[in-house]
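Just so it is clear: chains get the letters A, B, ... in the order the sequence lines come, proteins before strands, and each one is counted from 1.
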Amino acid sequence: MAVTIPVGFHALPVPIVQLSLAAVLKCGQSFRWSIYPLPQASIPSSELPTHEYRLCLRDRIICLRQSTDSLFYRSMFPDQHVCSTQATLREAETLSWLKDYFQLDIDLVKLYDEWSERDNVFKNLRSRFSGIRILRQDPWENLVSFICSSNNNIARITKMVHALCRHYSPPLLSLRPPMTEGASADSDPITYHPFPPPSALASSEVAATLRGLGFGYRADFIQRTARMLVDMPDSQPITGQQHAAERWLLLLRNKPTAIAREELLKFVGVGRKVADCILLMSLDKKEVVPIDTHVYQIAVKHYGLHVVTKSKTKATMTPKLYEEVSGKLFDIWGDYAGWAHSVLFTADLKSFSAYGLPSTTAEGDGIDHALSTPTMSSSSSPSKRKRRGTLHSPKELAGIVVDIDTVSHVIDESNDETNMADRIKRRRRTVTKA
DNA sequence: CATCGACCTATG
DNA sequence: ATAGGTCGAT
């Protein structure tokens, strides 16, 4: 059958199982994409895009649509009428940005296969939550966005980030939203702003302004972090480059995970969880599994992790507990554990059904609905991972109790140190043996 | 070191 | 009380 390309768009062959825009752009990785519903044909067809997604990226607006097997893209500029060679160059830039941002060289289906083999919990979810991958974001935007994320929800983080851009970076251009079916009066144009550079947020009065914009206590963190970055010796403005401070963050991509994390933790408002999000989402540390209350709940519910705490009410996320939960999930999922984590996290987002995704029926939360009876993985593939601990009886391990009758993923009790290098070595051994 | 209270604000 | 926590003081 004929493939229809929306007017003005280019087509890139990307199966929806490799990338689901509807899931990825709204699951709390980037908070800056705008989403517009498209008019639907009288005969509904799954082949036709249902939404358009837009992002203001420095000098241009990226517009995306998606069908089952194609990604459609176009870019809009303030000066739309330029010579054809210039236009061609711009399209090439946009295309290469897309490949980088969505990391299209990574075969997500292959990863889903590997995770399914390692983990039955994942296996039972994969069909409902396909196409969920980690974006390769800009580190500076990622840093600021996730400083906003503490004690916060996606809806409000999104509002805050948009307010930040509106207030601290000049408008690039205004566009009408995609044509709506009513064809009645066109909607008002929307003004798009790029993400502001560190220098725009570094002065001390910014904190008060951000508070006024509803940032709460995060306002000071953002301003002080921007200040720190601008003041770094290595990030003094270079001629012609206004945002040289951002380069410093980008350099962390070349450093080992532990070093990069150490650097990130120096910024105010950046604790372990936020640092790990940045490592995973913009610094290429694909193995990092950030642990928030949400992911922790998933680990407890579906991976049989129990914690013994003195306070009867709730387990506080101590550094030790964080390490163990994160490490355990890494052991389950392997080198791309951070990517796997995002699938589970997205699957469990309650707000998901509100975005019209074909995920769950009614408002059942994703994972619970898909997995009323958790089944553990290595029961089906015991050779993949070595069991530790005594069978047939619950065992207490450094504050964590794992019931071995129902759980196959056991925390290593051999030492207190659970660094990634050790885990990788250990995994190499077990893999080469098998 | 683990633990605790404070911190902004908007929802259930 | 909780939302994808972090900071500073015991």
Strand DNA chain C as a dot-bracket string - pairs counted if Watson-Crick or G-U with both distances under 3.5 Å, | where the partner lies in another strand
|||.||||||
For A/Phe267, give me all partners under ring pair (Phe, Tyr, Trp, His ring centres under 6.0 Å), at least two apart in sequence or on another chain.
none
Nearest-Å distance for atom pair CG/P, residues A/Asp292 and C/dA3
9 Å
Would you list the protein and nucleotides 7-10 of chain C atom pairs, both N or O, that sit under 3.5 Å from each other?
from, atom 1, to, atom 2, distance (Å)
C/dC7, OP1, A/Gly269, N, 3.1

Check whether any side-chain N or O of A/Thr293 sits under 4.0 Å from OP1 or OP2 of C/dT2, and answer yes or no.
no
Criterion side chain to side chain contact (heavy atoms under 4.5 Å, CB included) on A/Glu52 and A/Phe9, from CA distance to verdict:
CA-CA 11 Å; A/Glu52 179 166 325; A/Phe9 283 76; 3.7 Å; yes
How close or far is atom C1' of B/dA2 from atom CD of A/Glu323, stated in whole angstroms?
15 Å
Please report the distance, rounded to the nearest Å, between CG in A/Leu143 and P in C/dG4.
19 Å
Relative to A/Tyr36, does A/Arg54 satisfy both conditions: NZ or CZ under 6.0 angstrom from the six-membered ring centre, and within 45 degrees of the ring's axis?
yes
Is there a donor in the side chain of A/Gln29 and an acceptor in the side chain of A/Ser342, or the other way round, less than 3.5 Å apart?
no
Output for pair (A/Ser150 OG, A/Phe221 CZ), nearest 0.5 Å, gives 6.5 Å
Distance-only donor-acceptor test (3.5 Å): side chain A/Lys273, base C/dG5
no
Roughly how many Å apart are C/dT10 and B/dC1, using the C1' atom of each and rounding to a whole number?
12 Å
Calculate, to the nearest 0.5 Å, the distance between atoms CG and CZ belonging to A/Asn152 and A/Phe215 respectively.
10.0 Å
Considering only atom P, compute the distance from C/dA9 to B/dC8 and round it to an integer number of Å.
16 Å
B/dC4 versus C/dT2 - spacing of their P atoms, nearest Å:
15 Å
Can you tell me how far P of C/dA3 sits from NE2 of A/His294, to the nearest Å?
8 Å
What's the spacing between A/Thr257 OG1 and A/Glu287 CD if we round to 0.5 Å?
4.0 Å
NA contact type, A/Met160, heavy-atom cut-off 4.0 Å: base, sugar-phosphate, or nothing?
nothing
Test salt bridge (Lys or Arg N to Asp or Glu O under 4.0 Å) on A/Lys285 and A/Asp276 and set out the steps.
CA-CA 9 Å; A/Lys285 312 308 184 212; A/Asp276 280 0; over 6 Å; no
In 5'-to-3' order, the base (B), backbone-only (S) or no-contact (-) status of each nucleotide in nucleotides 6-12 of chain B, using a 4.0 angstrom heavy-atom cut-off, is -BBB---
How many whole angstroms separate atom CG of A/Asp348 from atom P of C/dG4?
10 Å
Starting at CG of A/Leu321 and ending at C1' of B/dA2, how long is that distance when rounded to a whole Å?
12 Å
When rounded to the nearest 0.5 Å, the distance separating OH of A/Tyr192 from CE of A/Met76 is 9.5 Å
For atom P, what is the distance between B/dA10 and C/dC7, given to the nearest Å?
23 Å
Is the A/Phe345 to A/His294 ring centre distance short of 6.0 Å?
yes
Whole-Å distance between C/dT6 P and A/Ile222 CD1?
14 Å
Only pairs at least two apart or in different chains count here, so list each side-chain hydrogen bond (donor to acceptor under 3.5 Å, both in side chains) that has a residue in residues 97-110 of chain A.
A/Gln18-A/Asp107, A/Trp33-A/Tyr101, A/Asp100-A/Arg136
Within the structure shown, what part of the strands sits under 4.0 Å from A/Val295 by heavy-atom distance: base, sugar-phosphate, or nothing?
nothing
Could you give the distance separating C/dA3 and B/dT3 at their C1' atoms, to the nearest angstrom?
22 Å
Could you check how far CD1 of A/Ile278 sits from P of C/dG4, rounded to whole Å?
17 Å
Please measure how far the P atom in B/dG5 lies from the corresponding atom in C/dA1, and state the result in whole Å.
13 Å
Please list, chain by chain and in numerical order, all residues satisfying ring pair (Phe, Tyr, Trp, His ring centres under 6.0 Å) with A/His167, sequence neighbours excluded.
none
Looking at A/Thr318, I'd like to know whether one of its side-chain N or O atoms comes within less than 4.0 Å of OP1 or OP2 on B/dC1.
no
Just checking A/Arg58: does its CZ atom have more than 12 heavy atoms from other residues, nucleotides or ligands closer to it than 6.0 angstrom?
no
